[in-house]
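Encoded as structure tokens, the structure appears first; notes follow it.
When a residue number appears, it is its place in the shown sequence, counting from 1. The basis for the numbers below is simple: all heavy atoms, side chains too, and nothing from hydrogens, waters or symmetry mates.
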Amino acid sequence: MALDPSEAAGLPDELINLYTEAELALMSMLAEAIVAGIDTPEWQARQPAEMLRFKRQAQLLALQLQSQMPALVEGAVAGAAERGREAADEDLKALPKAPPVPLATPDRDRKTRAAIYAGQQVLASVTARIPGAAGELHSQVTTQIIARHSGKTGTRLDAAQQALDILTKRGVTGFKDASGRNWSLASYIEMKSRTIVNQELIDGHTDRMLERGQTLIVVSSHSNPAPQCQPFEGQVLSLDGEVGTVIRPNATGGRAVKVKIKATLREARSKGFQHPNCGHAVSAFIPGGSRTFETRPDPAGYAASQKQRAMERDIRDTRKQQAVAVTPQRKRELAARLKAQRAAIAAHTAQHDLKRRLNRERLGAR
């Protein structure tokens, strides 16, 4: 049984959906706070009080998230570690003389607990920043409304709709990664949780392989591979640092065989292999029994798959904007846009023989 990353793809979904729904709730509450009494002369004067009320709502939501998040992180990370170990054990059954399964793995268990704790700390820090990010978003929206309405080019409600569309297109923002890139709340949680779970899946698999004396793995192939992954398709990687051409006993009997080791797993990962959305599986390489091969790059196919992902993101963005649609006209526009986007992605996937994945068009998708 190869280690297929899709086996663990759904593990953090409950966690991601929790924060996605929280972000949508925040945007809906923001729209409600903004449009309350918007056509009255007192609207601008009441906004400081509305912002405080909105921040209190955000604080309550953050407390709810903090209470639910730790158990979801633990379940996702522990589940990934277990699936990694199970994949290794199942894979090694193919060996003529399979090494014994360890009865206890205290070092690996400690690593899993450390990964769970680290994930909980990261998400706790993100969650604690929600009220501040919500308050900043409210200030930005009200400032934009005042500036736009001062020109008297439309009603204040029209100005509110324009500001809400602009400032909430990507969700509740203000969450930066190590490189300084700005993320929305749901996107940041999705990126972090999938990265943590994917890492634990791989580590659980690698550690179990090494515990049982298996140091070589071979990479699968699939259509439209990412350019950073394609060079490793069908190639042998090592888990212990060995590279180059080596001689190994033939596991099926007969003379020893030459094995060309493309790179170490660590080196391959440093070049982008096994990125969070990677679809490549790895399995134990059995000298004399496993097959290696080479594939060719497919830039056109990859470009088509990436355009599909961009179209999926656009659909999710439209759904986010629907959460802050406050005028009848905007609601109609977004409904029409969503219909057109669905038709466009259906045509694109059919033209390029791609599988349409409706789950990725929903909010909270990867």
Side-chain angles (χ1 to χ4, degrees), residues 1-12 15 70 72-122 192-220 229 232 235-244 246 248-249 251 259 261-287 289-290:
M1 175 182 175
L3 177 69
D4 186 343
S6 66
E7 291 291 323
L11 288 175
L15 179 66
L72 295 178
V73 171
E74 181 176 2
V77 175
E82 182 62 24
R83 291 193 186 191
R85 290 193 294 268
E86 288 176 350
D89 289 339
E90 187 67 25
D91 199 13
L92 292 176
K93 288 180 181 180
L95 291 173
K97 294 182 179 180
V101 178
L103 296 178
T105 55
D107 288 343
R108 175 94 282 281
D109 292 341
R110 280 195 292 271
K111 289 180 181 180
T112 299
R113 289 196 297 272
I116 291 170
Y117 178 75
Q120 290 170 337
Q121 291 298 107
V122 169
K192 280 292 185 182
S193 60
R194 292 201 187 282
T195 299
I196 292 167
V197 167
N198 192 51
Q199 181 67 59
E200 189 61 18
L201 176 75
I202 293 165
D203 288 349
H205 181 264
T206 300
D207 288 349
R208 178 52 65 93
M209 285 283 194
L210 290 172
E211 287 167 357
R212 300 188 62 184
Q214 179 68 28
T215 63
L216 300 180
I217 57 176
V218 63
V219 181
S220 70
C229 295
F232 301 105
Q235 301 299 297
V236 177
L237 305 177
S238 75
L239 304 178
D240 63 353
E242 196 171 24
V243 294
V246 299
R248 285 287 186 274
V259 179
I261 304 173
K262 174 81 171 181
T264 67
L265 176 61
R266 182 186 295 274
E267 180 185 2
R269 296 196 75 207
S270 73
K271 295 181 179 180
F273 177 63
Q274 289 186 327
H275 52 89
N277 287 324
C278 181
H280 288 94
V282 297
S283 56
F285 178 79
I286 303 173
S290 297

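The minimum heavy-atom distance linking R85 with D109 is given by the pair NH1-OD1, 4.4 Å. Closest heavy-atom contact between S290 and A284: OG-O, 3.7 Å. Of all the heavy atoms in V197 and A76, the pair that sits closest is CG2-CB, 3.8 Å. Shortest non-hydrogen contact noted between C229 and G272 is SG-O, 4.0 Å. The nearest pair of heavy atoms linking A88 to H205 is N-CD2, 3.6 Å. When all heavy atoms of V77 and A115 are compared, the closest pair comes out as CG1-CB, 4.0 Å.
Two residues are said to be in side-chain contact when any heavy atoms from C-beta on lie closer than 4.5 Å; R212 and V101 meet this criterion. Counting only heavy atoms from C-beta outward, the side chains of L92 and R208 never approach each other to under 4.5 Å.
Side-chain atoms of R108 and T112 form a donor-acceptor pair, as typed in the model, at a separation below 3.5 Å.
Note that the CZ atom of R266 and the CG atom of L237 stand 13.0 Å from one another [nearest 0.5 Å]. Rounding to the nearest 0.5 Å gives a distance of 11.0 Å between CG of N198 and CD1 of I196. Summarising the geometry, atom CG belonging to L239 is positioned 5.0 Å from atom CG belonging to L210; distances are rounded to the nearest 0.5 Å. Interatomic distance, R269 CZ to H275 NE2, rounded to the nearest 0.5 Å: 11.0 Å. For the atom pair CG (D89) and NZ (K93), the distance works out to 8.0 Å, reported to the nearest 0.5 Å. To the nearest 0.5 angstrom, I116 atom CD1 is 12.5 Å from Q121 atom CD.
Using a distance-only test at 3.5 Å, with no hydrogens or angles considered, a donor-acceptor pair links the side chain of S220 to the main chain of A281. The main-chain N or O of L216 is found under 3.5 Å from a side-chain atom of Q214 such that the two form a donor-acceptor pair. Between the side chain of S270 and the main chain of E267, a donor-acceptor pair closer than 3.5 Å is present. The main-chain N or O of P70 is found under 3.5 Å from a side-chain atom of Q120 such that the two form a donor-acceptor pair. Under a 3.5 Å cut-off, the side chain of Q274 and the backbone N or O of H280 do not form any donor-acceptor pair.
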**Message:** Working note: E82 + E86, criterion side-chain contact (heavy atoms from CB on, under 4.5 Å); need CA distance, chi angles, decisive distance, verdict.
**Reply:** CA-CA 6 Å; E82 182 62 24; E86 288 176 350; 3.2 Å; yes
**Message:** What verdict does the side-chain contact (heavy atoms from CB on, under 4.5 Å) test give for Q235 and V219, after you've listed the backbone C-alpha separation in whole Å, the side-chain angles of each residue and the deciding distance to 0.1 Å?
**Reply:** CA-CA 6 Å; Q235 301 299 297; V219 181; 5.5 Å; no
**Asked** So I202 and L265, side-chain contact (heavy atoms from CB on, under 4.5 Å) or not? Walk me through it.
**Response** CA-CA 10 Å; I202 293 165; L265 176 61; 4.3 Å; yes
**Request:** For side-chain contact (heavy atoms from CB on, under 4.5 Å), just list the numbers for R248 and F285, CA-CA rounded to whole Å, side-chain angles, deciding distance to a tenth of an Å, and then say yes or no.
**Result:** CA-CA 11 Å; R248 285 287 186 274; F285 178 79; over 6 Å; no
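With respect to D207 and K111, a salt bridge is recorded, a charged nitrogen being found less than 4.0 Å from a carboxylate O.
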